[in-house]
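Report on one structure; see the data block that follows.
Proteins get letters first, then strands, A, B, ... in listed order; numbering begins at 1 in each. A quick note: this is a predicted structure, and the numbers were derived from the prediction, not measured. What's counted below: heavy atoms across the whole structure, side chains too, no hydrogens, waters or symmetry copies.
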Amino acid sequence: MKVTVDPIGCRAHGLCADLLPELVRLDEWGYPVVAPGPVPAELVAEARRAAAACPALALKLRKDERR
Amino acid sequence: MSILPPHRLDLAGHRRRNGVVPWVVYQDEDGRDRLIAAVEAADLRGRGGAGFPTAVKLRAARSKRSIVVANGCEGDPLSHKDVALLALSPHLVLDGLQLAAHAVGATETVLCVHTGSSALPSVAAALAEREDRVPVRVVEVPRRYVASEETALVRYLTSGDARPLGKHPRPAERGVRGRPTLVSNVETLAQLASVVLLGPNHYRASRTELVTVTGAVRRPGVVEVAAGTSPAGVLAAAGGEAEPVQAVLAGGAWTADLTGGWSGIATVYALPARACGLEYTAKVLAFLAAESARQCGPCTFGLPSIAADFAELVHGGPATARLARRLPLLTGRGACTHPDGAARLAASALQVFEADVRAHQAGGRCRIPAGVA
Ligand code: SF4
Ligand code: SF4
């Protein structure tokens, strides 16, 4: 599983960095930077919750390796 | 066979010089496979910037209802090769477009040029001379830098909005009006026609590329050079240096090494030794920032920020630490590669003009302002 951000959809609400600080930090403009690599098993449920909470539906949890 | 003739070729002239596409060879059931196999054997790669293998793209877009888009838009102000090609050898491009349409099984083709492009009369005259198997529609696209990006073209042809679409799905899966779409640069299509007209082996052995050369050379313009020609060789093809050159901006990145062999590059700008590379880079970055489609945060905010950082460097300010933090953050974070290109340009400038950065910080500027050439 991988966390991805749709760069066009994202509105810099920043919620994802609050809900998933282990994998997401915000750049100086408030846009999320996601840690590379697969989501650790113990964080999958949290990642799913963060994706569901993104107001712009820009944060996604994907099975495949594509961006 | 060179793909850029010295004077415009009409249909008869094109056939005399380049030959006639042997359609019978590719007609039957397996013809499309053989055509794509020939492109693969020739190791043809995209000439629009990405250098992606054309055979892979052709296979991905195969279907009975696909669309082929010939991209003749040049958003990069340093590039004129595609317009030159359409103006001088439109039939070679159109042959390539028809071959690509046959390979993927397209029922429709679109040739995109910028609004008011100087290639339009040549294209219209060429189309009037031909009877093509698959109809060709000519579409004028707004003259913006990112409008010529592949997903932006697809979006424009579908909805009239010329901004990039992002990474999902690729045009080969779902492109113009939802149909599988092959987007191919017009030089790539002319190269494809050459593969067929020469045969893949002969093509590989004599492969050439179009490069637009500007800056401190005696004859700025579009030159055709053997693939793998060094930067020095490219400058020589443009008449040689008009004055001493300190570095070249090649394919979007600076290099001071003019001797190495390279391939796949479409633009070369020769910076005179007396001009300032930092100022030139600051100007290009300001242009790239203004050309952002302003859809993605890291591009909308990041590009103006690094352009401002470079303006600060020119005035002797200490922006290097900020740039070291910002540049890696721009790569891979837009829906298209526009921010990646700006970051690569900036990073290469910091490397090649490292001594100049120090000179500016030590006291004002290093040389005379750039852009005089
Ligand atoms: S919560 Fe959604 S919109 Fe907000 S920063 Fe994260 S990805 Fe972007
Ligand atoms: S990266 Fe920039 S140019 Fe590309 S789609 Fe996003 S905002 Fe537009």
Considering only NZ, NE, NH1 and NH2 on the basic side and carboxylate oxygens on the acidic side, decide whether B:R170 and B:E173 come within less than 4.0 Å.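 Salt bridge: no.
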B:S305 versus chain A, the contacting section by heavy-atom distance below 4.5 Å: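 Just the side chain, heavy atoms under 4.5 Å.
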Side chain, backbone, both or neither: which part of B:R325 has a non-hydrogen atom closer than 4.5 Å to chain A?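 Just its side chain gets close to chain A.
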Measuring from A:W29:CH2 to B:R326:CZ, what's the distance to the nearest 0.5 Å? 5.0 Å
May I ask you to name which of A:D6, A:V33, A:V34 has the most heavy-atom pairs under 4.5 Å with chain B?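 Among the listed options, the one with the most contacts to chain B is A:V33.
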Please tell me if the side chains of B:R62 and B:R32 come closer than 4.5 Å, counting only heavy atoms from C-beta onward. yes
Flag if over 12 foreign heavy atoms under 6.0 Å of CD, A:E28: yes
